[in-house]
There are 4 protein chains.
Amino acid sequence: MRADARDNRERILTAAEQVFGRSTAASTDDVAKLAGVGIATVFRHFPTKVELLEAVLTLRLQRLRDTARELAGAGDPGTAFYEFFSQVVAEAGSKLAIAEALGAAGSAPGEHARQAGLEMRQAFGELLARAQRSGAVRADAQFAEVYALLVGASRGATATGLDLEVRDRMLAVLYDGLRPRR
Amino acid sequence: MRADARDNRERILTAAEQVFGRSTAASTDDVAKLAGVGIATVFRHFPTKVELLEAVLTLRLQRLRDTARELAGAGDPGTAFYEFFSQVVAEAGSKLAIAEALGAAGSAPGEHARQAGLEMRQAFGELLARAQRSGAVRADAQFAEVYALLVGASRGATATGLDLEVRDRMLAVLYDGLRPRR
Amino acid sequence: MRADARDNRERILTAAEQVFGRSTAASTDDVAKLAGVGIATVFRHFPTKVELLEAVLTLRLQRLRDTARELAGAGDPGTAFYEFFSQVVAEAGSKLAIAEALGAAGSAPGEHARQAGLEMRQAFGELLARAQRSGAVRADAQFAEVYALLVGASRGATATGLDLEVRDRMLAVLYDGLRPRR
Amino acid sequence: MRADARDNRERILTAAEQVFGRSTAASTDDVAKLAGVGIATVFRHFPTKVELLEAVLTLRLQRLRDTARELAGAGDPGTAFYEFFSQVVAEAGSKLAIAEALGAAGSAPGEHARQAGLEMRQAFGELLARAQRSGAVRADAQFAEVYALLVGASRGATATGLDLEVRDRMLAVLYDGLRPRR
DNA sequence: TATGAATGAGCGTTCATTCAT
DNA sequence: TATGAATGAACGCTCATTCAT
């Protein structure tokens with residue numbers, strides 16, 4: 001039965017990610033319906049709606065953290081940094097609420113999410129530091145504003161629709177600003 | 001009696017701007033209370049909650065449009081452009097939901113808001129065009145990505161808290177990206 | 001409209017008295033249905049279920065207090081005391097939950113009910129004191145145990161069904177205990 | 001395996017007595033947790049919650065019956081009667097819900113409980129008859145009102161808090177009523 | 001026209017009971 | 001047989017909207 005339960009937990013999380021991706025105001029019932037389980041099952045796995053939201057958020061932040069760590073482990077520092085940046089913005093564009101997750105990473109939504117947010121920010125900070133040391137990102141840029149740009153670009157990409165060319169041109173401008181001044 | 005009605009409309013709109021600025025999830029009752037009118041009066045002026053939200057949005061977009069037009073009418077084109085950009089981001093930081101309004105300007109929230117959004121974007125486009133002609137903004141940047149950057153910067157400033165220094169450094173990076181390449 | 005509202009409030013209270021008289025575990029919906037109003041109307045008048053229960057309780061305690069005061073104002077002290085005692089027990093028998101109200105009178109169910117309970121107990125205390133002074137009730141009985149007997153008799157009458165003759169014989173035994181020893 | 005099952009049954013009953021003694025509104029889950037078994041095990045032994053409640057009630061009534069029988073078998077009839085009366089009231093005060101059990105004994109809660117209630121009442125009737133024959137209780141008191149007084153005193157003791165001195169004085173008054181008139 | 005009372009659909013959550021292991 | 005997961009009906013409560021004054 002543990003296998004069943006784990007299965008259901010996964011399905012609920014997946015459903016929640018989709019549903020809350022569309023709108024944070026969605027109801028727990030919607031999640032249950034999409035997951036194909038009864039509503040009480042959702043509450044068995046996540047005792048309150050807030051905890052469910054937090055679990056989704058945590059998952060996203062962990063995925064981002066993992067991606068950052070993978071990229072940090074290998075390859076050219078500059079490529080790794082810009083690659084991660086673009087990837088985050090791209091996913092935000094298609095998944096809508098990931099940007100909200102990024103924004104929430106700094107605030108206070110429960111211990112797990114806070115921890116995951118912290119780790120993600122640390123991994124991104126590492127990426128940035130290495131890119132700066134290698135000369136791919138201007139040395140005078142501090143973490144705070146680079147992170148703000150990451151969040152902003154994600155939201156900007158989401159908000160204005162998903163034209164891929166526009167998004168790439170937006171990033172091109174942004175990256176020009178991030179590269180060292182000659 | 002028409003003066004009375006217009007008065008009430010104003011007060012409701014002002015109250016709504018404040019209330020929804022704090023939280024989009026606020027209730028219509030809260031608006032009525034802050035405006036000092038009965039709830040039925042709110043619904044007489046704005047038959048649905050969506051229409052009330054739209055009216056607030058429209059108001060904000062019109063203000064932005066007016067600001068853009070004023071700046072376009074006088075002074076150095078580059079200064080006008082960057083001034084407007086900074087001002088929008090600053091207000092987004094303090095008023096929280098204006099970014100949502102900006103984002104929504106492109107989508108489909110009723111005729112009035114769409115119209116106001118269009119006019120605001122045209123006024124901002126004018127500002128951009130003049131700044132490009134004067135050499136203050138790179139010529140190869142198209143409206144779409146610059147607008148996306150405006151929206152993104154507003155949201156980024158809102159999401160990550162309102163540290164003024166960080167916000168300014170973020171904008172400095174962004175403006176470096178927007179200036180012509182040497 | 002105030003007349004309408006007051007009317008509804010009355011009807012809700014009456015319905016609640018009946019419904020909760022049968023079972024404290026009854027739902028707020030049941031009250032609304034019996035009162036013939038929508039459920040939101042119940043909550044408009046009594047913001048929480050506890051407040052509704054408290055209002056019913058307060059009403060009952062006030063009625064009891066008024067009865068005690070009326071009886072204290074006129075007639076033979078002994079008659080007044082035993083009359084009140086019998087009346088309370090009789091009503092408890094027919095209305096079931098009034099005994100619970102009596103029991104709760106000493107505990108802590110909100111300010112209004114506590115106040116009403118206090119006043120009722122004071123009025124009953126007055127009745128007792130006068131009866132003792134007149135020699136109709138033994139002088140060595142203290143308020144606490146007499147009140148406990150009142151509560152107990154009410155509950156006993158309720159619990160064992162409502163046979164009137166049994167109830168009267170039960171009270172006769174009890175009154176024999178309360179009268180001065182020869 | 002039958003020994004296991006009987007063991008579990010006992011533990012569940014013990015847990016249920018404790019849990020429902022504290023609050024009738026307690027959940028079946030609470031019982032299972034305190035008993036240290038899964039919830040399904042509770043339902044295997046007691047197919048519905050009502051049946052579980054009835055089993056607890058039956059147990060209590062049987063204990064009362066046994067006490068009455070023991071007291072009837074030996075010693076002074078008057079002492080036995082008043083001893084039993086006081087003991088029931090004392091336990092009601094400390095165990096809260098036993099009064100409800102007593103009250104329910106007359107009503108219609110399933111065959112087992114009805115039978116146990118009947119037997120308890122018969123044993124108490126025996127106690128009463130012997131006390132009356134010995135002159136310790138007035139001869140004109142009939143079973144019905146004496147039983148009502150037992151129930152009432154139990155509830156009264158429970159409801160008004162458990163001050164031991166008050167309880168004893170209350171019983172003293174009551175016993176004065178029950179003793180033969182000189 | 002302005003008001004506040006009334007409404008019911010919907011929300012988050014709990015719980016007795018059933019099912020699958 | 002014992003378990004814990006799954007279920008859906010029900011609860012207390014809120015809110016956008018309508019009605020009656």
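Hydrogens, waters and symmetry mates play no part in the numbers below; they use all other heavy atoms, side chains included. Reminder, nothing fancy here: chain letters follow the sequence lines and each chain counts from 1.
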Exercise. Could you check how far CZ of Phe46(A) sits from C1' of dA5(F), rounded to whole Å?
Key: 14 Å
Self-check item: Whichever of His45(D) and Thr48(C) has its nearest DNA chain F nucleotide further upstream toward 5'
Solution: His45(D)
Quiz item: Roughly, in whole Å, what's the span from CD1 in Ile12(A) to P in dA5(F)?
Solution: 12 Å
Practice problem: Measure from the side-chain heavy atoms of Ser27(D) and tell me the nearest of dT17(E), dC15(E), dA2(E). | Solution: dC15(E)
Quiz item: What residues form a side chain to side chain contact (heavy atoms under 4.5 Å, CB included) with Gln18(B), not counting sequence neighbours?
Solution: Arg22(B), Leu34(B)
Exercise. Could you check how far CG of Asp7(A) sits from P of dA20(E), rounded to whole Å?
Key: 16 Å
Self-check item: Any Thr28(B) side-chain N or O less than 4.0 Å from OP1/OP2 of dA16(F)
Solution: yes
Self-check item: With sequence neighbours excluded, residues passing side chain to side chain donor-acceptor pair (under 3.5 Å) with Glu51(C)
Solution: Thr48(C)
Quiz prompt | All salt bridge (Lys or Arg N to Asp or Glu O under 4.0 Å) counterparts of Asp7(D), not counting sequence neighbours | solution = none
Quiz item: Mind checking what makes side chain to side chain contact (heavy atoms under 4.5 Å, CB included) contact with Asn8(A), not counting sequence neighbours?
Solution: Arg11(A), Val37(A), Thr41(A), His45(A)
Quiz item: Between atom CZ in Arg6(D) and atom C1' in dT1(F), what is the gap in whole Å?
Solution: 16 Å
Quiz prompt | Sequence-distant partners of Thr14(B), side chain to side chain contact (heavy atoms under 4.5 Å, CB included), two or more places apart | solution = none
Quiz item: Hey, can you pull the residues of residues 30-44 of chain C with a non-hydrogen atom under 4.0 angstrom from DNA chain F?
Solution: Ile39(C), Ala40(C), Phe43(C)
Quiz item: Taking for each residue the nucleotide of DNA chain F bearing the nearest heavy atom, is the 5' side occupied by Arg9(A) or by Asp29(C)?
Solution: Arg9(A)
Self-check item: Salt bridge flag under 4.0 Å for residues Glu17(B) and Arg63(B)
Solution: yes
Practice problem: Please report, rounded to the nearest Å, how far the C1' atom of dT14(F) is from the NZ atom of Lys49(B). | Solution: 11 Å
Quiz item: Taking CZ from Arg11(C) and P from dA6(E), how many angstroms apart are they, rounded to a whole number?
Solution: 10 Å
Quiz item: Just how far, in rounded Å, is P of dA5(F) from CG of Asn8(A)?
Solution: 11 Å
Self-check item: Any side-chain heavy-atom pair of Arg114(A) and Leu118(A) under 4.5 Å
Solution: no
Quiz prompt | side chain to side chain contact (heavy atoms under 4.5 Å, CB included) partners for Leu53(D), two or more places apart | solution = Phe20(D)
Quiz item: Once Watson-Crick and G-U wobble pairs under 3.5 Å are found, how is DNA chain F written in dot-bracket notation, 5' to 3', with | for any base paired to another strand?
Solution: .||||||||||||||||||||
Exercise. Return the set of residues passing salt bridge (Lys or Arg N to Asp or Glu O under 4.0 Å) with Glu119(B) (not counting sequence neighbours), or none when no residue passes.
Key: Arg65(B)
Quiz item: Between Glu51(A) (CD) and dG12(E) (C1'), how many Å, whole number?
Solution: 13 Å
